[in-house]
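Residue numbers count from 1 along this sequence. All values derive from a computational prediction rather than experimental measurement.
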Amino acid sequence: MEKGDFSMRKNVLIISSSPRKGGNSETLAASFAKGAQDAGNHVETVWLREKQIGFCKGCLACLKAGHCVIKDDCAGVCHPDLLLQRQRPV
């Protein structure tokens, strides 16, 4: 694929769980993102250290509601419908 030819363009989602800003994992993720962008892909990076994500409380309310009832940033990061939405062409 030549640069500028977006017929094979992909959406790339990078989810970084490293708690350390500027650490090895962040450096590796940034390098991967740059390479993916240079190849003509759309790249989105989510840094979990910037999110408030609670632990499962084992309440099983999700079985009744069909989704987790804990109000945190997880729904904006890992909800299946949002991941599918991210897969749609840009």
Side-chain angles (χ1 to χ4, degrees):
M1 174 174 73
E2 290 185 37
K3 196 168 189 167
D5 177 15
F6 297 106
S7 61
M8 296 296 291
R9 184 176 177 165
K10 303 287 185 208
N11 290 330
V12 178
L13 175 61
I14 300 170
I15 301 176
S16 176
S17 61
S18 177
R20 292 184 300 133
K21 187 172 186 171
N24 291 337
S25 296
E26 182 174 299
T27 302
L28 180 63
S31 179
F32 179 81
K34 182 180 179 331
Q37 286 174 331
D38 289 349
N41 299 297
H42 175 264
V43 179
E44 179 182 356
T45 303
V46 175
W47 307 103
L48 294 183
R49 71 171 171 272
E50 299 171 352
K51 307 293 182 190
Q52 295 294 318
I53 299 176
F55 290 99
C56 177
K57 300 189 185 317
C59 66
L60 303 179
C62 57
L63 296 178
K64 191 173 189 179
H67 59 85
C68 183
V69 296
I70 297 173
K71 302 297 182 203
D72 62 7
D73 293 332
C74 190
V77 175
C78 55
H79 191 275
D81 291 341
L82 294 175
L83 292 175
L84 287 174
Q85 188 177 19
R86 284 185 166 112
Q87 292 177 4
R88 293 190 182 107
V90 177

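In plain terms, the two heavy atoms of Cys56 and Ile70 that are nearest each other are CA-CD1, 4.3 Å. Between Leu13 and Val46, the shortest heavy-atom contact is CD1-CG2, 3.9 Å. Listed here is the closest heavy atom pair of Asp72 and Gln52: CB-O, 3.1 Å.
Here NZ of Lys57 is found 9.0 Å from SG of Cys68. Values are rounded to the nearest 0.5 Å.
By the neighbour-count criterion of 12 heavy atoms within 6.0 Å, atom CD of Glu50 is densely surrounded, having more than that number from other residues, nucleotides or ligands.
Counting side-chain heavy-atom gaps under 4.5 Å among Ile, Leu, Val, Met, Phe, Trp and Tyr, the cluster of Leu60 also holds Leu63. Through ILVMFWY side-chain contacts below 4.5 Å, Phe55 is grouped with nothing and stands alone. Using a 4.5 Å cut-off between side-chain heavy atoms of Ile, Leu, Val, Met, Phe, Trp and Tyr, Val12 falls into a hydrophobic cluster with Ile14, Phe32, Val43.
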Anything under 3.5 Å between a donor and an acceptor, one on a side chain of residues 18-31, the other on a protein residue two or more places apart or in another chain? List them.
residue, atom, partner, partner atom, Å
Ser18, OG, Arg20, N, 3.3
Glu26, OE1, Gly22, N, 3.3
Glu26, OE1, Arg49, NH1, 3.1
Glu26, OE1, Arg49, NH2, 2.5
Glu26, OE2, Gly22, N, 3.2
Thr27, OG1, Gly23, O, 2.9

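Residues passing the salt bridge (charged side-chain N to carboxylate O under 4.0 Å, His left out) test with Lys34 are Asp38, sequence neighbours excluded. Evaluation of the side chain to side chain contact (heavy atoms under 4.5 Å, CB included) rule for Cys59 yields Ala61, Val69 as partners, not counting sequence neighbours.
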